[in-house]
Amino acid sequence: MAPRNHKNWLSTPKVEYISSECYNNYGIYEQEIEHIFSKVWVPMCHMSEMSNDGDFRSTQIAHKNVVAVNRSGSVHVYLCPSIDRPAGNGLDTDGLQELHSEIKHGGMVWTTLDPNPSQSVEEWTCGAFDCIADAIDAEEMDVFHYHKAVIDTNYKLWHDTNSEFYHDFMHYFNRVSGFNDEYFARKNIPFDNGHVNVSSFTVNYEEYEGFEDRGELSFPNLPPNQWYMVDLFPGYNFNLRGNAYRSDIVTPLGPNRVLIEFRGYGLKKDTPEERSTRVKAHNSIWGPFGRNLHEDLIGVAGQGTTMREGTETRNILHGRHENSTIHDEVGMRHYYEAWGKFLGVNPMNPLTLLQDNVQAAE
Ligand SMILES: [Fe+2]
């Protein structure tokens with residue numbers, strides 16, 4: 001096929017696509033805050049981060065301060081207009097408006113700004129966690145690692161790294177340890193509400209120089225060295241690699257800026273030796289000097305730069321069909337179908353319809 005020139009690039013694709021305007025338009029960002037982040041269940045933190053009576057931990061959802069408080073082992077979440085510490089003990093919550101909350105899926109604290117949620121967390125996640133439920137709910141987990149990053153990119157580009165594979169060429173470690181027949185056979189499985197699972201396969205850690213097999217400390221009820229991912233709409237990822245578990249929680253700060261919180265988990269019953277092994281496994285993949293997370297961050301920072309507001313609009317192709325196997329873009333198509341429904345827009349042409357919506361509302 002001849003190389004494509006500028007005119008070719010701008011012509012309407014013959015396969016599924018979305019417009020880059022989905023990623024960089026301020027009006028769309030405002031609609032997302034109002035119609036998505038103010039409505040959905042958000043996994044705001046983990047119970048182990050607030051394990052004592054009176055402990056609290058705060059975050060922001062849709063530009064609003066939210067605080068979760070441990071009251072004798074149960075959790076209460078409040079809107080908190082002003083807060084002087086991100087976490088601590090002994091917060092006065094008198095007069096604060098309480099939000100709906102649940103502890104679910106491995107001890108995560110979930111809340112929603114929606115005063116009348118139509119679904120429970122179980123109904124909202126609708127089976128997306130089933131593949132790892134026996135592993136993350138069998139034993140109490142605790143957070144051993146936390147860091148956050150503010151990245152100049154759209155939050156959806158971060159979430160896309162779990163379903164698109166344009167950036168995959170950078171994952172050298174994964175190529176060495178994981179690009180086996182099982183990897184290419186693994187499936188993307190869509191669930192209602194825009195969620196997607198990536199089914200498991202066996203990672204051959206020992207193929208990478210200096211790395212060892214990780215089967216011994218695999219999470220409960222898991223065959224050794226498995227790798228599952230739960231991609232939850234609109235931007236929450238749960239990643240279980242054999243003996244270490246990670247969650248990514250996004251908080252959009254603008255169309256081209258996102259805060260991502262990364263947590264690493266082990267089992268609360270770990271001996272010091274077991275914990276040390278788990279931390280090493282976590283850090284060698286996802287820690288400061290690890291292999292995997294960084295390539296994703298570099299990828300989305302580049303995508304964010306090239307598609308930032310003011311750049312030429314382009315079409316992002318989602319046209320790969322490969323029987324729902326790993327490089328089939330079914331996950332991307334499924335996510336953006338849900339995203340378009342939430343906003344009442346067509347992701348192929350979001351601004352036109354957005355304008356129509358605004359005019360209809362006037
Ligand atoms: Fe990646």
Side-chain angles (χ1 to χ4, degrees), residues 23 128 131-132 145 147-180 182-190 195-205 207-208 211 214 225-242 244-250 258-264 281-307 316-318 320 322 324-336:
Y23 296 117
C131 62
I132 57 170
H145 172 92
H147 81 276
K148 51 189 175 184
V150 176
I151 306 292
D152 287 335
T153 197
N154 185 273
Y155 77 91
K156 297 189 294 301
L157 287 168
W158 174 254
H159 198 64
D160 291 352
T161 62
N162 304 310
S163 300
E164 63 84 359
F165 294 92
Y166 299 114
H167 73 286
D168 219 18
F169 70 93
M170 292 189 290
H171 283 311
Y172 177 71
F173 170 78
N174 287 356
R175 281 180 189 276
V176 174
S177 62
F179 277 24
N180 49 34
E182 272 187 61
Y183 169 86
F184 289 105
R186 69 199 291 217
K187 292 261 184 175
N188 293 293
I189 304 157
H195 315 313
V196 177
N197 271 180
V198 182
S199 69
S200 184
F201 76 113
T202 308
V203 182
N204 305 116
Y205 290 97
E207 296 279 323
Y208 189 80
F211 275 44
R214 297 174 175 200
N225 295 315
Q226 296 297 295
W227 180 7
Y228 284 96
M229 278 202 299
V230 177
D231 297 322
L232 215 66
F233 185 89
Y236 312 119
N237 176 254
F238 300 85
N239 206 328
L240 178 53
R241 262 182 178 266
Y245 184 58
R246 161 185 146 211
S247 66
D248 307 347
I249 311 299
V250 300
V258 60
L259 165 70
I260 313 170
E261 293 175 278
F262 303 96
R263 288 174 172 85
H282 173 275
N283 286 353
S284 62
I285 301 292
W286 299 317
F289 303 104
R291 301 295 309 255
N292 180 279
L293 181 59
H294 320 76
E295 294 95 319
D296 289 331
L297 291 170
I298 291 167
V300 296
Q303 290 171 330
T305 301
T306 57
M307 288 194 274
I316 317 298
L317 308 184
H318 291 171
R320 284 180 75 152
E322 297 176 0
S324 294
T325 53
I326 192 64
H327 286 185
D328 187 315
E329 287 166 317
V330 59
M332 299 288 280
R333 294 188 293 271
H334 181 68
Y335 177 98
Y336 284 95

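In this text, all values refer to a predicted model and were calculated from it rather than measured experimentally. Every number for a ligand or one of its atoms is a count from 1 in the order of the listing.
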Over 12 foreign heavy atoms within 6.0 Å of CZ, Phe184: yes

Salt bridge (Lys or Arg N to Asp or Glu O under 4.0 Å) test vs Asp328 passes for just one of Lys187, Arg320, Arg333, namely Arg333

Establish, from distance only, whether the side-chain atoms of Asn162 and Tyr335 form a donor-acceptor pair under 3.5 Å. no

Checking His167 now: which residues fulfil ring pair (Phe, Tyr, Trp, His ring centres under 6.0 Å) with it, not counting sequence neighbours? His171

Sub-3.5 Å donor-acceptor pair from the side chain of Arg241 to the main-chain atoms of Ile285, do we have one? no

Using a cut-off of 2.8 Å, find all protein N, O or S atoms closer to the Fe ion (ligand 1) than that distance. His167 NE2, His171 NE2, Asp296 OD1

So, the side chain of Tyr245 versus the backbone of Arg263: is there a donor-acceptor pair under 3.5 Å, distance only? no

